[in-house]
Visitor: 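Sending over a structure as structure tokens; questions will come in a sec.
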2 protein chains.
Amino acid sequence: MSATPEPTPARLRAIPSRLIAGVAAVADRLVNERLAAADARKWHFAVLTALAEDGAASQAELSRRTGIYRSDMVAVLNELGDAAYVRRAADPADRRRNVITLTAEGRRRREHLDGLVTDAQRELLAPLDPDERSELTRLLTVLTEHHRPGHPDPRDPK
Amino acid sequence: MSATPEPTPARLRAIPSRLIAGVAAVADRLVNERLAAADARKWHFAVLTALAEDGAASQAELSRRTGIYRSDMVAVLNELGDAAYVRRAADPADRRRNVITLTAEGRRRREHLDGLVTDAQRELLAPLDPDERSELTRLLTVLTEHHRPGHPDPRDPK
DNA sequence: CTACATTCGTTAGTGTCACGAACGTTAGGG
DNA sequence: CCCTAACGTTCGTGACACTAACGAATGTAG
């Protein structure tokens, strides 16, 4: 069991990057389906949650928290602003920045979307027991931490 | 540990679907970078590998094996055909079908790309030990098997 | 045998998303 | 004061997932 004489069967189905891409597609579909029913997309949820968890921030800061490119952040904030879920105000301390603030409606909206997203997680992880779920989360977190701008490879500190 | 009094901490960073999407993006980037250096894309590798592992097939069959939409398969096979990695011939037994066959050059090409893809997997999974790698693969396989057209929910056999 | 549904390959088109280029504005450091 | 860098913004690109529709061929029910 420890020494497999076979060279590398490496079945297409067992290639990690393909497995992950497949599961990611399923997860995205599950989340999007539910959010679409509430006329929202995952970016909306990500931005609202980032604001709820760590407070008001500039657009660039929100980009870093959520992983959304700052170019794409503009449109998301336009939509959230049009719906009065966030407010966009100039930062008096640094006039390059906009300060994005979560409104009361935005907070309610976030809680609603959170329920939908949580449902999607449940359906996604349905076949796993609690231990397996936390182990999966742990492994994915390790990978996420490792492949982070600045940490990818200590041999190339540039 | 079993009863968490907190309502829903649910940190944005810990949402499985977001973790998976992030890791999938990293994995895709790693694979694409390497394949691009060989002027290939992941579809090429997937099709060549499907042919090498399970033999010649029709385009629709390749679609199912690889997960590529049959609409997109056309362009991929055009490119692989132009490079003489595969041959496309009419199926005499069913004249709707094309039979796609892997050529000798295609087989060499596949082995080359396989090396690149394997390197990418190594880099992706670098922070995990062998046990963790197989556990991750196992968990992802469980999820993949569960969320498969026809198996999504036994409560809705339709 | 005829009629109908289904499969296949193909073309064209849509929407999402990640990402880069460039620009004007503003801030901070030498 | 100049230079660099960060910020918000606009525009554009390319990969990818997916749908719609088509003609040709096949299988099947009546």
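In what follows, every chain begins at residue 1, and chains take the letters A, B, ... in the order their sequences are listed. Keep in mind the model is a prediction, meaning the values are calculated, not measured.
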Visitor: Start with the C-alpha distance between A/R138 and A/D131, add both sets of side-chain angles, then the distance that settles salt bridge (Lys or Arg N to Asp or Glu O under 4.0 Å), and finish with yes or no.
Guide: CA-CA 10 Å; A/R138 188 185 71 82; A/D131 282 353; over 6 Å; no

Visitor: When the side chains of residues 24-32 of chain B are checked against the rest of the protein, which donor-acceptor pairs come out under 3.5 Å, sequence neighbours left out?
Guide:
from, atom 1, to, atom 2, distance (Å)
B/D28, OD1, B/K42, NZ, 3.4
B/D28, OD2, B/K42, NZ, 2.6
B/R29, NH1, B/E33, OE2, 3.2
B/N32, ND2, B/D28, O, 3.1

Visitor: Just the atom pairs and distances: protein N or O near nucleotides 28-30 of chain C's N or O, under 3.5 Å.
Guide:
none

Visitor: Can you tell me if A/T49 uses its side chain to pair, donor with acceptor, with the backbone of A/A46 under 3.5 Å?
Guide: no

Visitor: For DNA chain D, which residues in residues 35-43 of chain A have a heavy atom at a distance below 4.0 Å?
Guide: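 By residue number: none to list.
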
Visitor: Evaluate the side-chain proximity of A/E135 to A/L128: yes if any heavy-atom separation is below 4.5 Å, no if none is.
Guide: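 Contact flag for A/L128/A/E135 side chains = no.
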
Visitor: Which residue lies toward the 5' end of DNA chain C, B/A60 or A/R95, if each is placed at its nearest nucleotide?
Guide: B/A60

Visitor: Look at atom CG of A/D129 and say whether more than 12 heavy atoms of other residues, nucleotides or ligands are closer to it than 6.0 Å.
Guide: yes

Visitor: What is the distance from atom CG of A/L80 to atom CG of A/L51, rounded to the nearest 0.5 Å?
Guide: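 Going from the CG atom of A/L80 to the CG atom of A/L51 covers 8.5 Å.
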
Visitor: Could you go through the salt bridge (Lys or Arg N to Asp or Glu O under 4.0 Å) check for A/R110 and A/E53 one step at a time?
Guide: CA-CA 11 Å; A/R110 196 209 76 82; A/E53 289 185 347; 5.5 Å; no

Visitor: Take A/R11 and B/D54 through the test salt bridge (Lys or Arg N to Asp or Glu O under 4.0 Å) and record every step on the way to the result.
Guide: CA-CA 10 Å; A/R11 235 60 182 79; B/D54 296 304; 3.2 Å; yes

Visitor: If you assign A/A25 and A/N98 each to the DNA chain D nucleotide with the nearest heavy atom, which residue ends up on the more 5' nucleotide?
Guide: A/N98

Visitor: Would you find a donor on one side and an acceptor on the other, under 3.5 Å apart, between the side chain of A/S58 and the backbone of A/N98?
Guide: no

Visitor: To the nearest Å, how far apart are B/E33 CD and C/dA18 P?
Guide: 17 Å

Visitor: Going 5' to 3' along DNA chain D, which nucleotides are the first and last within contact of chain B (any atom under 4.0 Å from a heavy atom)?
Guide: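 It runs D/dC16 to D/dT26.
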
Visitor: Tell me which residues in residues 66-77 of chain B lie within less than 4.0 Å of DNA chain D, going by non-hydrogen atoms.
Guide: B/Y69, B/R70, B/S71, B/D72

Visitor: Indicate yes or no: does B/E61 engage B/R64 in a salt bridge with an N to O separation below 4.0 Å.
Guide: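 The answer is yes: the pair qualifies as a salt bridge.
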
Visitor: Which pairs, with at least one residue in residues 73-87 of chain A and sequence neighbours excluded, count as a salt bridge (charged side-chain N to carboxylate O under 4.0 Å, His left out)?
Guide: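 Of all non-adjacent pairs touching residues 73-87 of chain A, those that pass salt bridge (charged side-chain N to carboxylate O under 4.0 Å, His left out) are A/R41-A/E79.
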
Visitor: For A/N78 and for B/D28, locate the closest nucleotide of DNA chain D by heavy-atom distance; then report the residue assigned to the nucleotide nearer the 5' terminus.
Guide: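 Whichever sits nearer the 5' end wins; that is A/N78.
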
Visitor: Does a salt bridge link B/R34 with B/E123, judged by any charged N lying under 4.0 Å from a carboxylate O?
Guide: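 Yes, B/R34 and B/E123 are salt-bridged.
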
Visitor: Could you state the atom-to-atom distance from CG of B/D91 to P of C/dG9 in whole Å?
Guide: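 Atom-to-atom, B/D91 to C/dG9, this comes out as 9 Å.
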
Visitor: Give a yes or no on whether the backbone of B/Y85 and the side-chain of B/T103 come within a donor-acceptor separation of less than 3.5 Å.
Guide: yes

